[in-house]
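Worksheet: the structure to be examined is printed underneath.
Below, chains carry the letters A, B, ... as their sequence lines are ordered, and counting in each starts from 1. For the numbers below, each heavy atom of this structure counts, side chains included, while hydrogens, waters and symmetry mates do not.
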There are 2 protein chains.
Amino acid sequence: MNDPTTPSADFDLQTFLPYLLNQAAEATSQSFQATYRTAYGMNRTEWRVVANLGKFGTLSASDICRIAHVEKTKVSRAVLALEQRGWLRREALENDRRRENLTLSTAGQAIFADVGQKAIAFDRRLRARLGVAAAEEFTRALRLLAAEDP
Amino acid sequence: MNDPTTPSADFDLQTFLPYLLNQAAEATSQSFQATYRTAYGMNRTEWRVVANLGKFGTLSASDICRIAHVEKTKVSRAVLALEQRGWLRREALENDRRRENLTLSTAGQAIFADVGQKAIAFDRRLRARLGVAAAEEFTRALRLLAAEDP
DNA sequence: TCTATATAGTTACAAGCGTAACGGTTGCGA
DNA sequence: TCGCAACCGTTACGCTTGTAACTATATAGA
């Protein structure tokens with residue numbers, strides 16, 4: 001296999017894991033994005049902010065950066081957009097005036113409940129397509145590859 | 001952490017397949033991108049064009065669109081950039097003057113060989129991390145999810 | 001205390017992107 | 001044959017993004 005005198009096999013993009021991962025990620029994200037885009041005009045980052053605030057209740061912007069692995073400038077802009085539409089409230093912290101607590105408004109919670117339910121259904125369909133057991137193994141592999149180090 | 005008032009059926013981004021796919025795709029693509037970016041100043045689309053021309057020899061721009069699932073405007077810009085750096089040649093077709101054949105120059109082929117070898121090594125490391133057998137199953141799942149329909 | 005280093009979040013600017021329109025070409029059907 | 005639709009590739013425009021700088025606050029060390 002690794003005879004140094006013979007040229008090694010040519011590279012094939014179609015079997016390259018990063019490429020395949022991108023294709024699958026694009027296809028599924030693109031497909032689900034209609035759910036929050038057409039109904040609420042949110043982009044992906046805004047939806048992720050809503051999803052994390054919906055789950056954790058209250059977070060700071062930098063918390064969201066860490067948890068969801070999103071750039072802080074993206075979070076900053078998403079928070080502004082969500083606030084302007086009345087889906088999110090900011091609250092200053094007395095003990096550290098650099099940060100602010102973010103919380104979904106009632107309207108924001110309703111949106112989280114709506115899109116969240118559809119996300120659960122969407123996820124269930126994807127897992128059914130893979131087979132429920134295989135989906136578990138698949139998820140483990142994704143987490144392994146997503147781990148920072150390489 | 002968890003708001004005790006939220007019901008347990010709430011959506012959790014951390015188990016959502018499109019999210020996990022994005023994380024894994026971003027992590028691996030980002031990690032490998034250093035290989036072609038620092039050495040040759042290519043972006044992802046340019047690298048994909050090189051990879052496909054390296055494999056197939058000669059293609060038209062629209063061929064690349066179909067094969068690599070890239071927007072035609074991105075391909076157009078990538079081809080221009082690669083041509084200006086002398087890594088790719090265009091050739092008019094007599095029987096259809098709308099299209100042009102694209103081929104890597106000698107320099108382009110050398111780049112393909114270099115980056116391609118590193119890609120193969122990178123891919124091998126990823127698959128080793130998953131376990132070679134598991135990686136096969138993983139690849140099948142990715143192809144299934146990347147299929148257009150949902 | 002005073003300095004300097006780190007952090008939180010915002011903003012400016014340039015680069016990248018997708019949508020839509022465009023010019024040029026081909027092929028099909030009336 | 002003409003006319004019209006489909007196609008290839010490029011360009012124009014506006015929106016999104018990342019990098020780097022910035023303000024403001026907090027913390028650690030001399």
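Where DNA chain C meets chain B (any atom under 4.0 Å from a heavy atom), the bounding nucleotides read 5' to 3' are C:dC17 to C:dT26.
If you measure from atom CG of B:N95 to atom P of D:dC7, you get 18 Å, rounded to the nearest angstrom. As a whole-Å value, the separation of B:E100 CD from D:dC7 C1' is 14 Å. To the nearest angstrom, C1' of D:dC8 lies 17 Å from CD of B:E94. Distance A:R97 CZ to D:dT27 C1': 15 Å, rounded to the nearest Å. Rounded to whole Å, the distance from CZ on A:R98 to C1' on D:dA24 is 9 Å. Put simply, CG on B:L59 is 14 Å from P on D:dC8, counting in whole angstrom units.
Nearest heavy atom pair, residue A:S105 against residue A:G86, reads OG-O, 2.7 Å.
For B:T15, there are no side chain to side chain donor-acceptor pair (under 3.5 Å) partners at least two apart in sequence or on another chain. For B:F138, the ring-ring contact (aromatic ring centres under 6.0 Å, His included) criterion is met by A:F138, not counting sequence neighbours.
Checked options B:V49, B:I67, B:T103; the residue passing with B:L59 is B:I67 (criterion: side-chain contact (heavy atoms from CB on, under 4.5 Å)).
The closest side-chain heavy-atom distance from B:V50 to B:W87 is not below 4.5 Å.
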> When you check every protein heavy atom under 4.0 Å of nucleotides 15-22 of chain D, what one-letter string (B, S, -) results, 5' to 3'?
Replying inline: --BBBB--
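Heavy-atom distances to DNA chain C give each of B:L93 and A:A61 a nearest nucleotide, and the one nearer the 5′ end belongs to A:A61.
The aromatic rings of B:F32 and B:F122 lie tilted to each other, with the angle between the two planes from 30° to 60°. Using a 30° and 60° split on the angle between ring planes, B:W47 and B:Y36 fall in the parallel class, below 30°.
Annotation: salt bridge (Lys or Arg N to Asp or Glu O under 4.0 Å) contacts involving residues 107-124 of chain A, sequence neighbours excluded, comprise A:D114-A:K118, A:D123-A:R127.
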May I have the list of side-chain donor-acceptor pairs in residues 71-84 of chain A shorter than 3.5 Å, sequence neighbours left out?
residue, atom, partner, partner atom, Å
A:E83, OE1, A:R90, NH1, 2.7

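B:S76 has a side-chain polar atom (N or O) that falls below the 4.0 Å cut-off from OP1 or OP2 of D:dT10.
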